[in-house]
Each structure stands twice: as structure tokens, then as C-alpha cells.
Number of protein chains: 2
Amino acid sequence: MASSTKERILDSAERLFSDSGLRMISLRDITKDAGVNLAAVNYHFGSKEALLKAVLERAIYPVNESRITLLDELESQSGEKGPAVEDILHAFLGPPFDAWSKAGDRGLRFFKLLGQIHTQANPEIQTVLLNQFIQVLERYTKALERALPNVDSTEVRRRMLFVNGAMAQAMRFGSNPGGLAPEELDQMRESLIRFAAVGFSAESISDLSLKGRRS
Amino acid sequence: MASSTKERILDSAERLFSDSGLRMISLRDITKDAGVNLAAVNYHFGSKEALLKAVLERAIYPVNESRITLLDELESQSGEKGPAVEDILHAFLGPPFDAWSKAGDRGLRFFKLLGQIHTQANPEIQTVLLNQFIQVLERYTKALERALPNVDSTEVRRRMLFVNGAMAQAMRFGSNPGGLAPEELDQMRESLIRFAAVGFSAESISDLSLKGRRS
DNA sequence: GTCTATATGCGGATAGAC
DNA sequence: GTCTATCCGCATATAGAC
């Protein structure tokens, strides 16, 4: 067989949840799309919520795993001063973009799905998700603090927030109807890394006034 | 009376939609929270979707309006070269932050609500929303292109995407339980403007390689 | 493991009295 | 304008035959 009932359910659920939200999609929608019986969901997963968890784990785990691996490699290869800002950001931003371009439709869906979770899922599921990501975020924040000894810690964390938001927005944009061609996707990634690296390396706020620099 | 039935419905709907999503919240939830009768929603607004539109218009219009006004002022006061990047970004990012700090709980809800719309609303509502915002975005993009003659147009648009995402993420973060103290909010805004201004002013991608700058 | 049939409840919307 | 009562459809979940 091409794929098992369980996998077909996961595929359909991932696609439909991502495109249209968690609550808008019924088990009937999913089972119809997957070409399986309605009762199969409860047989294989137990409930709609348990199905959502299974979808999440399958989709998200590989990206975070890859980010950790890449940072490990960077740190083992770098010298006393640790990896450079650009390299760190490349390791952080690369995997989601790679997932996007390599996995075709499935890759970009990952980010829509994150958005759906963030706005709709119950706290328990959000926590499961957040805990995984926080581990990654902490590792990267520490690496960046080391690479930027002149920027204070709370400022590094704020900037990491900005980078995350910028990345999510770029992904959402690319997943619109029409989408992005492969070379546009590459440009987007490089632009983002550059934008983030320059922003991260900025001096702290007090150095320059934000006004009166016209002409 | 403290507020009319219509206003109480709008207040409750805004809060509940923002916190928990559009589809998760029923008219029964809203009318119970507002302390009004279930049938009042259909009497005053006609349908759940019409209620959502009313909530949106009330929440979003003032911010975009304010952004346009501020840019008008900047441009009338600036000379031949037009406003500086920092000033433009200040005008773009200021109003949402002001709404946030001034309106108390209501201000921050605005951004959660945007997120809900983006992931859950039907295309018609998204389009209404987007059309308003696109006008603002176009005005600001043109101003930035003028201020950055050495950065090409598609790159300016990409960076505007990043700024939007960073802003949204900052807002979402601040709206978490615990939230941000007023002075932390100010720091967040200044950090974001600085981060964005520096990122915007970066040279185009080809100038520096992104690798091999370690040690 | 997979199906049909059904239990049970919540959803939006409305009719019609007051 | 506001209320109660109700229509009707769709949701999740499960029972039980095959």
C-alpha cells in the first residue's frame, strides 16, 4: 500500500489544520480528505486533540533537532571566541527555510501550523510546543550573548524576539497563494539573515539619538 | 447607564475573540460575558460575522489612521530629501505601541486579534482588513525607498515584512501573562526601532559574505 | 481494523411574547 | 429593545456488527 491509514490521517490533518485552523476542521473533513472511515481517527489516536499532538510532533521535531545539531557543529568547530553572529543566525534560520524548500508543500505548512497553534490551541498543547522550542532558544541566546559581549543580555533576548517574528512573517508571506519561486526564497533567507545580523550587531540604544538626523 | 448593550457586546467580543480565537468563542460565550441576552447579537449586528467586522473596525482603524497622519506630518516638515529612516520607523511603530500602553488591556488585545484574523477569518474579512493595511504599507514603503536610494525596491519590501513580523512578535510577547511594565515597554519600542533602522540601512546582500568571519 | 448507526451536546439563528 | 423557547444542523465520540 502507498501509505497506512494512520499516515494518511496525519497527512490530511496536517494539511487541513494548517490551511484552515484547528477548530474549523472537523474529523469528518479529515477522514473524508484522507479517504478513511470517520471512526478510524478515534481508533488510531483516541481523540481529535491527541491527533493534533501527533501531527505536531511529526512536523516540528525535525526542525528543532536540526537547529541543535547545527549549533553543536558550529561550536565544536569554532575557537576560543565561539561562533560568529552570522553563522549562529544561519544555523537558526536555515532549517525552517530548508524544510520549506525541500519538503515542498509540506515544509511551508509547518509555519502556518505554528500560527494556528499559537492562536487556537489549548494551553496544554501550547506548553508542550513551547517547552521544546525554549530549549532551542536558550542555546541560541547563550551563543549570541557570547558573540556579542557588548550587548546586554536583555537586549539580546529582545532582538531574538524580533528575529523570530521576522522569520515567521517571512514564512507566512511565502505561503500565500502564488508563493515564492525557489530563487526568491533564497533571497528571502539571505535578506533575513543579513537584516538580523546587522540588527544584532547594533550598538545599544543610548549611543545614538533616534531623532534629528535628517539631512 | 455605564454602556449600551451594543458596546458591551463589542467589548466582550473583542476580548474573547482576541484571547481564544474566533471559532472557539460562541455567541453564547459573548452574551454571557457581556451580561446581555443571546438574541441581542443578532438584533444589533445581524450575525456573528457582522459582529466580528464591527469589532475589527473599531479596533484597527484608529491605529492606521494615526500612522497616516504622522507620516503626513513628517513629510510636510522634511526637506528635499524626505524624512529619515528612523523617523519613518518611529511613525510606523509608534501608534501600535501607544495604543498598547495607553489603552491598557484593550491596546494589547489588538495584536492578538490581528493574529486570530490572520489564521482563522474567512477570506472576505481578511481582504477588508488587508486593504486598509496595504494603503498604509504602500505609503511607508515609498517613504523608505526615498530615504534609502541605494537599497533596491524588492529589498525594501522584504525588510518591511521583517519589521512587521518583529513588531507583531514583540506585541504578542508583551501580552503574555505577566506582561511588560511600562518602562520595559518603552525599552521594547526603542530597541525595535533601533534594530529595524540599523537593519534597513544595511548594504545589500552581495557586499559581505555571510561566512568565514570567525575569529 | 474497518465499517454503519447512533448517542449526546453545542453551535448559529429566529419566532413571537412582552 | 429584550426576553424565552425552539428549530435545525454539525460536532465529537462510541457501540456494536462484520
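The chains referred to below are lettered A, B, ... by the order of the sequence lines, with proteins before strands, and numbering in each begins at 1.
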Q) So, Gln135(A) and Asn64(A): side-chain donor and acceptor under 3.5 Å apart, yes or no? A) no
Q. Starting at CG of Asn37(A) and ending at C1' of dT2(C), how long is that distance when rounded to a whole Å?
A. 6 Å
Q. Is the backbone of Glu73(A) close enough, under 3.5 Å, to the side chain of Ser76(A) for a donor and an acceptor to pair up by distance?
A. yes
Q) Relative to the 5' end of DNA chain D, which residue comes earlier, Asp29(A) or Asn42(A), by the nucleotide with the nearest heavy atom? A) Asp29(A)
(Q) What residues from residues 18-26 of chain A pass a heavy-atom cutoff of under 4.0 Å to DNA chain C? (A) none
Q: Return the value, rounded to whole Å, for the distance between atom CZ of Arg28(B) and atom C1' of dT14(C).
A: 12 Å
Q. Does any residue of residues 44-52 of chain B have a heavy atom under 4.0 Å from DNA chain C, and if so, which ones, in number order?
A. Ser47(B), Lys48(B)
(Q) Just the rounded figure in Å: distance from C1' of dT2(C) to CG of Leu38(A). (A) 12 Å
(Q) Whether the Arg8(B) and Ser3(B) side chains hold a donor-acceptor pair (N or O, under 3.5 Å, no angle test) is what I'd like checked. (A) no
Q) With a 4.0 Å cut-off on heavy atoms, is Ala39(A) in touch with a base, just the backbone sugar-phosphate, or nothing at all? A) base
Q.
Please report the distance, rounded to the nearest Å, between OH in Tyr43(B) and C1' in dG1(D).
A. 5 Å
Q | Pair Asp72(B)-Thr69(B), side-chain donor/acceptor within less than 3.5 Å | A | no
Q: Indicate the atoms forming the closest heavy-atom contact of Ala91(A) with Arg67(A), along with that distance.
A: O-CG, 4.0 Å
Q: Check the distance between dT4(C)'s C1' and Lys32(A)'s NZ and give it to me in whole angstrom.
A: 18 Å
(Q) Just verifying a value: how many Å separate Leu148(A) CG and Ile88(A) CD1, rounded to the nearest 0.5 Å? (A) 7.5 Å
Q: Ignoring hydrogens and angles, state whether a donor on the side chain of Ser18(B) or Gln116(B) is under 3.5 Å from an acceptor on the partner side chain.
A: no
Q) Roughly, in whole Å, what's the span from CD1 in Ile30(A) to P in dA13(D)? A) 11 Å
Q) Between Phe92(B) and Phe133(B), how do the two ring planes meet: parallel, tilted or perpendicular, split at 30° and 60°? A) tilted
**Q.** Heavy-atom closest pair, residues Ser153(A) and Glu145(A)
**A.** OG-OE2, 2.8 Å
Q) Is the shortest side-chain N/O distance from Thr5(B) to OP1 or OP2 of dG1(D) below 4.0 Å? A) no
